[in-house]
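Both backbone and side-chain heavy atoms feed into the values below; hydrogens, waters and symmetry mates do not. Convention: sequence-line order gives letters A, B, ...; per-chain numbering from 1.
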Amino acid sequence: MDLYNYLYNLVKQIPPGRVSTYTHLALALGDKRAKRAVKETLDAFHDSTPIPWHRVIEDNGKIEGKKKKHLLQQENIPIHKTAIQKYKEIVFHDFTTTYPLKTLRKKQLLLQRFLILKDAFTTLDIIGGVDVSYQGRDAHAAYVAMDYHTHALVATKTIQMKTDFPYIPTYLTYRELPIIKHLMKNITPPSLLLLDGHGISHPHHFGLASHLGVVLDIPSIGIAKNLLCGTVSLQNAKHDFAPLIHQGKKVGWALWPHGTQKPIFVSPGHKVSLPTSLGIAKKMCQYRIPEPLRKAHLLTQKKK
DNA sequence: GCGACAG
DNA sequence: ATCTTGTCGC
């Protein structure tokens, strides 16, 4: 799903003499969570695509930027200072759309039925780690495989690819799935895969690590540097970890490797139990970030 | 109640 | 994630 292109086609629907807002476009994409992504996408890429980006403004009718103001005035839109006059009368929100994000959410929930949250792996030899970095729409992904017991480096691979989906909270999978799928082609499957993001500690219990685990059919664990949902149960904390609770259910752990100030958040992806996910994450931590992920991150940075 | 929200 | 320099501390 090329969401950038889908967004561009929505923007093209705004007629001259009318304006729309980041939020209305996000709703037309299917989720108001996409508001930030809409703004960032138009700000960053409007130069490289022929769309009337200047007709998209803030929800309050305020205009940021001289260039946008000038272009709107050329279309006879009355502006006083930074505010559009009678802006509510010219706001366009009657988009023709199929709400692609709603469709993706449904697919996410269908796949979630295949999720297994028990230890369902036979061996534990090779631990893989995947990380992706970006410069504009250019994505670099790296895979690092290490021996679970000796921590010896076993394999690495990096690839480059164009991204067709912006970052939207809770839809991270759809940004990174294409490049990670490509990255994992023709690779000896590891016993288990570490991913940069959440597993079941996700509003719909199906974050990046869970989604990729199911799609690739590989046991997986999510390692996140920030919380997406839930709270850390500090009253149940042990020396270096505490359970992560979301809607009354345990969905992962906050882990402080080697007494670090800021924890990492560990959650089962697929075919791994809660206790096992914590144990493996802890065992792979030489620094704050588990070693296969840390090495993968360094590789993607070097590739740019 | 409202808003924010992994990377 | 990315934009970015020096700097405080083990």
Side-chain angles (χ1 to χ4, degrees), chain A residues 3-4 22-23 26-27 29-41 43-45 58-60 101 104-105 108 129-142 160-180 183 193-213 220-232 244-247 251-255 257-270 277 281 286-290 293-294 296-304:
Chain A
L3 206 77
Y4 286 122
Y22 302 119
T23 298
L27 291 172
L29 286 174
D31 195 321
K32 67 172 193 275
R33 263 185 280 236
K35 174 187 190 293
R36 277 291 254 300
V38 169
K39 177 165 168 50
E40 285 165 7
T41 299
D43 284 352
F45 304 125
E58 294 288 349
D59 299 338
N60 55 14
L101 291 179
L104 293 178
R105 180 71 81 212
Q108 215 175 31
V130 167
D131 186 56
V132 185
S133 353
Y134 300 88
Q135 44 177 24
R137 288 185 60 163
D138 237 358
H140 292 266
Q160 181 275 331
M161 201 173 159
K162 289 283 181 213
T163 318
D164 62 8
F165 204 101
Y167 168 69
I168 303 169
T170 75
Y171 299 89
L172 173 62
T173 303
Y174 292 106
R175 177 163 168 82
E176 305 206 331
L177 182 67
I179 191 168
I180 295 179
L183 177 70
L193 196 58
L194 264 28
L195 287 147
D196 206 345
H198 289 282
I200 61 170
S201 52
H202 175 279
H204 299 273
H205 283 268
F206 205 61
L208 175 71
S210 296
H211 199 137
L212 268 139
S220 62
I221 296 173
I223 307 289
K225 294 177 282 297
N226 293 289
L227 222 43
L228 174 62
C229 66
T231 52
V232 178
L244 179 59
I245 310 294
H246 180 58
Q247 293 175 342
V251 292
W253 312 92
L255 172 64
H258 311 296
T260 41
Q261 286 299 305
K262 195 178 177 186
I264 58 173
F265 302 98
V266 179
S267 62
H270 181 48
S277 67
Q286 195 172 319
Y287 302 98
R288 183 169 93 109
I289 305 298
L293 281 179
R294 201 183 65 90
H297 183 69
L298 292 174
L299 267 180
T300 59
Q301 295 297 320
K302 201 199 295 179
K303 277 291 159 187
K304 300 195 302 187

Ser220(A) (side chain) donor-acceptor with His270(A) (main chain) under 3.5 angstrom:
yes
Would you kindly give the [atom1]-to-[atom2] distance between [X] and [N], to the nearest whole Å?
X         : N      : atom1 : atom2 : result
His202(A) : dA4(B) : NE2   : P     : 18 Å
His211(A) : dG7(B) : NE2   : C1'   : 16 Å
Asp43(A)  : dA1(C) : CG    : P     : 21 Å
Leu3(A)   : dG7(B) : CG    : C1'   : 16 Å
Lys39(A)  : dA4(B) : NZ    : C1'   : 18 Å
Met161(A) : dG7(B) : CE    : P     : 21 Å
Ile180(A) : dA6(B) : CD1   : P     : 17 Å
Leu194(A) : dG7(B) : CG    : C1'   : 16 Å

Report yes if at least one side-chain N or O of [X] is closer than 4.0 Å to OP1 or OP2 of [N]; otherwise report no.
X         : N      : result
Gln301(A) : dA1(C) : no
Asn226(A) : dC5(B) : no
Lys35(A)  : dG3(B) : no

Counting only side-chain heavy atoms from C-beta out, which of dA6(B), dC5(B), dT2(C) sits nearest to Arg33(A)?
dC5(B)
As a test of reading the structure: which of dA6(B), dC5(B), dA1(C) is closest to the side chain of Ser133(A), going by heavy atoms?
dA1(C)
In this structure, CD1 of Ile180(A) is separated from CE of Met161(A) (nearest 0.5 Å) by 10.5 Å
From Ser267(A) atom OG to Leu255(A) atom CG, the distance as rounded to the nearest 0.5 Å
12.0 Å
Are dA1(C) and Tyr134(A) stacked, with the base six-membered ring and the side-chain ring centres under 5.5 Å apart and planes under 30°?
no
Taking both distances under 3.5 Å as the test for a Watson-Crick or G-U pair, what stems of at least three pairs does DNA chain B have?
none
Please check if any side-chain donor atom of Tyr22(A) sits under 3.5 Å from a side-chain acceptor atom of Glu40(A), or the reverse.
no
Angle class for the Phe45(A)/Tyr4(A) ring planes (parallel below 30°, perpendicular above 60°, tilted otherwise)?
perpendicular
Indicate, with a heavy-atom threshold strictly under 4.0 Å, whether Tyr171(A) touches base, sugar-phosphate, or nothing.
base
Classify Thr170(A) by what it touches in the nucleic acid, base, sugar-phosphate, or nothing, heavy-atom distance under 4.0 Å.
base
I'd like to know whether CZ of Arg36(A) has more than 12 heavy-atom contacts from other residues, nucleotides or ligands below 6.0 angstrom.
no
So which atom in Pro257(A) and which in Arg288(A) form the shortest heavy-atom distance, rounded to 0.1 Å?
CG-O, 3.4 Å
